Novice: 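Below you'll find the structure I mean.
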Amino acid sequence: MTKPKILVTRPLVLFPSARAIFDAHFDAEYFPGRIPRDELLKRVADKDGLVCLLTEKVDEELLGIAKRLRMASTISVGFDNIDVPACSRHKVVATNTPGVLDDTTADFAWTLLMAIARRVLEGDVWMRSGTWPGWDLDQLCGGDVWGKTLAVMGFGRIGRGVARRAQGFHMRVIYNDAVRAPADVEKELNAEFVDRERFFREADFVSVHVPLMPETRHLISSENLGRMKPTAYLVNTSRGPVVDEAALAEALEQKKIAGAALDVYENEPKCNPALLKRTDVILTPHIASASVETRTKMAVMAAENVVALFDGRVPPNALNPGVLGVA
Ligand code: DGY
């Protein structure tokens with residue numbers, strides 16, 4: 001029996017357990033590196049399934065070319081790279097990888113939060129420069145973390161994970177979200193729902209965990225940055241376009257906030273040049289979920305979604321199960 005043909009847009013060398021699943025079930029083609037758009041369109045044309053990353057757009061153009069495609073499985077929890085309504089129109093099931101990266105991402109939001117508040121990178125650069133003259137009272141004094149107010153924007157699994165970790169630092173936790181969390185969750189996490197106005201005004205640390213949607217694009221705007229305390233910090237591990245990078249650079253320049261740590265960017269792989277030269281900013285290359293364990297789980301989950309579909313089951317993480325006649 002011929003196996004379904006799938007295109008996997010990376011070689012998955014670091015993730016043999018996921019690759020083993022693909023090899024066992026499919027006639028799998030792996031692209032050897034970062035796939036250019038023209039190669040993607042060419043190679044997907046005769047495939048039954050596509051396994052992609054958030055860097056590949058699954059849109060009307062691709063779906064129009066890939067006439068046999070039944071599945072688009074992104075190895076990411078965010079799926080703003082996939083036009084889900086277009087997939088539904090083309091009867092293509094779209095899936096993502098939720099759940100498995102929550103704690104790893106929450107850990108990393110905390111890594112950034114601590115690093116920016118306590119000026120870790122500036123200290124590292126100073127030490128390596130060989131110019132540190134020895135201890136002094138006024139060197140690299142940052143802001144305390146413990147006992148402060150953590151403001152979590154987006155109170156889903158990752159946002160709640162960030163809030164949970166704040167308890168160990170004796171922080172007050174406030175949050176904002178389109179939907180208020182159930183009372184038992186608020187109680188467990190000792191978190192108070194506040195409106196946007198209070199959210200930005202009362203925060204010592206804003207940590208962003210919303211998906212990218214029209215309503216969240218540039219949510220961290222000049223206006224909201226202007227509401228923050230001059231001693232407050234911003235951390236973004238969600239999606240880059242949620243932060244208006246030009247407005248952030250301006251707010252930092254005018255000392256409206258104390259610092260920012262970003263893992264994601266408006267126009268990846270680029271970052272606003274005004275941020276690149278600032279020492280009150282930490283910039284990491286979209287690595288919040290990048291532990292070997294978690295990335296393996298994500299790749300395996302994406303593989304299991306594809307296997308389920310071609311086995312005649314509803315993929316556990318189907319974003320548009322309606323395509324399969326399931327509500
Ligand atoms: C995702 O999965 O959406 C992250 O941005 C990468 O882990």
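Worth saying up front: this structure is predicted, and the values here are computed from it rather than measured. All ligand and atom numbering here is 1-based and tracks the order in the structure.
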Novice: Would you tell me whether Thr149 and Glu202 have side-chain atoms, one donor and one acceptor, within less than 3.5 Å of each other?
Specialist: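 Side-chain D/A pair, Thr149 to Glu202: absent.
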Novice: Does NZ or CZ of Arg19 come closer than 6.0 Å to the centre of the six-membered ring of Tyr30, within 45° of the ring's axis?
Specialist: yes
Novice: Compute the shortest N/O to N/O distance between Ser289 and ligand 1 and return yes if it is under 3.5 Å, no if not.
Specialist: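 In this structure, Ser289 places an N or O atom under 3.5 Å from an N or O of ligand 1.
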Novice: Verify whether one side chain among Thr55 and Arg10 offers a donor that lies under 3.5 Å from an acceptor in the other.
Specialist: yes
Novice: Can you name the residues that form a side chain to side chain donor-acceptor pair (under 3.5 Å) with Asn305, not counting sequence neighbours?
Specialist: Asn317
Novice: For ligand 1, which atoms sit closer than 4.0 Å to a heavy atom of His286?
Specialist: 4 (C), 5 (O), 6 (C)
Novice: Tell me, with the steps shown, if Thr74 and Asn81 meet side chain to side chain donor-acceptor pair (under 3.5 Å).
Specialist: CA-CA 8 Å; Thr74 186; Asn81 56 320; 3.3 Å; yes
Novice: Using a strict 4.0 Å cut-off to heavy atoms of Met298, name the atoms of ligand 1 that fall inside it.
Specialist: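 The list of qualifying atoms is 2 (O), 7 (O).
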Novice: Does the pair Lys57/Asp59 count as a salt bridge with the N-to-O cut at 4.0 Å?
Specialist: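 No, no charged N to carboxylate O under 4.0 Å.
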Novice: Could you say whether the N/O atoms of Ser76 and ligand 1 ever approach to under 3.5 Å?
Specialist: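 Among all N and O atoms of Ser76, none is under 3.5 Å from an N or O of ligand 1.
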Novice: With backbone taken as N, CA, C and O and side chain as the heavy atoms from C-beta onward, which portion of Leu54 lies under 4.0 Å from ligand 1: side chain, backbone, both, or neither?
Specialist: side chain
Novice: State whether the shortest distance between N or O atoms of Gly78 and N or O atoms of ligand 1 falls below 3.5 angstrom.
Specialist: yes
Novice: At a non-hydrogen distance cut-off of under 4.0 Å, which region of Leu101 contacts ligand 1 (side chain, backbone, both, or neither)?
Specialist: side chain
Novice: Classify the ring geometry of Phe193 against Tyr175: parallel below 30°, tilted from 30° to 60°, perpendicular beyond 60°.
Specialist: perpendicular
Novice: Within the 4.0 Å heavy-atom shell around Arg239, which atoms of ligand 1 are there?
Specialist: 1 (C), 3 (O), 4 (C), 5 (O)
Novice: Looking only at distances, can you tell me whether any N or O atom of Val77, backbone or side chain, sits closer than 3.5 Å to an N or O atom of ligand 1?
Specialist: yes
